[in-house]
Amino acid sequence: MGIFSAMLGNAGSVSQEDLLKKYGQLLIDNEEIEMGFKLIRDTFIFTNKRLILVDVQGLTGSKTEYKSIAYKSITRFSIETAGTFDLDAELKIWVSSELQPSIVKQFNKSVNVYDVQKVLAHHVLG
């Protein structure tokens with residue numbers, strides 16, 4: 001992921017091995033990381049059981065919030081693909097009965113947003 005893309009807040013893929021090393025302690029028995037993405041300091045992880053959002057807070061980054069969202073509480077989601085002049089794709093996720101999306105993430109062109117949609121669809125619709 002290029003520094004310019006990271007500065008804009010676009011997410012890039014992170015290997016399952018790297019995610020497991022850093023966040024393996026968050027997983028429960030029989031939970032596996034399927035896919036993960038990193039923004040500048042934040043990370044979001046799709047497991048076979050839930051979506052984990054890692055929000056690094058403050059100037060020093062010493063405080064971190066780990067938000068866990070069960071797939072069954074996701075009521076809808078959308079993807080918007082990158083265009084010719086638009087450098088990023090966007091994912092929106094609505095949790096429960098909220099009117100506005102609870103989660104909005106942008107991806108750089110190195111991420112296949114259709115793969116992200118497929119993981120969400122598999123867990124939310126399956």
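Keep in mind that this is a model prediction, so the values were computed, not measured. Note that the numbering runs from 1 along the sequence shown for the chain.
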Step by step, work out the side-chain contact (heavy atoms from CB on, under 4.5 Å) result for I52 and I33.
CA-CA 10 Å; I52 301 171; I33 294 173; over 6 Å; no
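For S96, there are no side-chain hydrogen bond (donor to acceptor under 3.5 Å, both in side chains) partners two or more places apart in sequence or in a different chain. The side-chain hydrogen bond (donor to acceptor under 3.5 Å, both in side chains) check on D55 picks up Q57, with sequence neighbours excluded. In this structure, the ring pair (Phe, Tyr, Trp, His ring centres under 6.0 Å) partners of Y71, at least two apart in sequence or on a different chain, are H123.
Under the 4.5 Å side-chain criterion, counting only non-hydrogen atoms from C-beta, D115 is not in contact with Q117. A 4.5 Å side-chain heavy-atom check between I69 and I74 finds at least one atom pair inside the cut-off. Proximity of V54 to F44: side-chain heavy atoms (C-beta onward) are nowhere separated by under 4.5 Å. Residues F37 and I45 have side chains not in contact (no heavy-atom distance under 4.5 Å, counting atoms from C-beta outward). Side chains of I103 and K105 form a contact here, defined as non-hydrogen atoms less than 4.5 Å apart.
Judged purely by atom type and a 3.5 angstrom limit, E80 has no side-chain atom pairing as donor or acceptor with the backbone of A89.
Linking ILVMFWY side-chain heavy atoms closer than 4.5 Å, directly or via other members, places I93 and I79 in a single hydrophobic cluster. Following chains of ILVMFWY side-chain contacts shorter than 4.5 Å, one cannot reach L19 starting from F46, and the two form parts of different hydrophobic clusters.
Applying the salt bridge (Lys or Arg N to Asp or Glu O under 4.0 Å) test to residues at least two apart or on different chains, the pairs with a partner in residues 92-101 are E90-K92. For residues 19-31, the side-chain hydrogen bond (donor to acceptor under 3.5 Å, both in side chains) pairs, not counting sequence neighbours, are Y23-T43, E31-T47, E31-R50.
Note that CE of M35 and CG of L51 are 12.0 Å apart. Values are rounded to the nearest 0.5 Å.
Applying the 4.5 Å side-chain rule to ILVMFWY residues, one finds that W94 remains a lone member of its cluster.
Within 6.0 Å of the CD atom in E65, the count of heavy atoms belonging to other residues, nucleotides or ligands exceeds 12.
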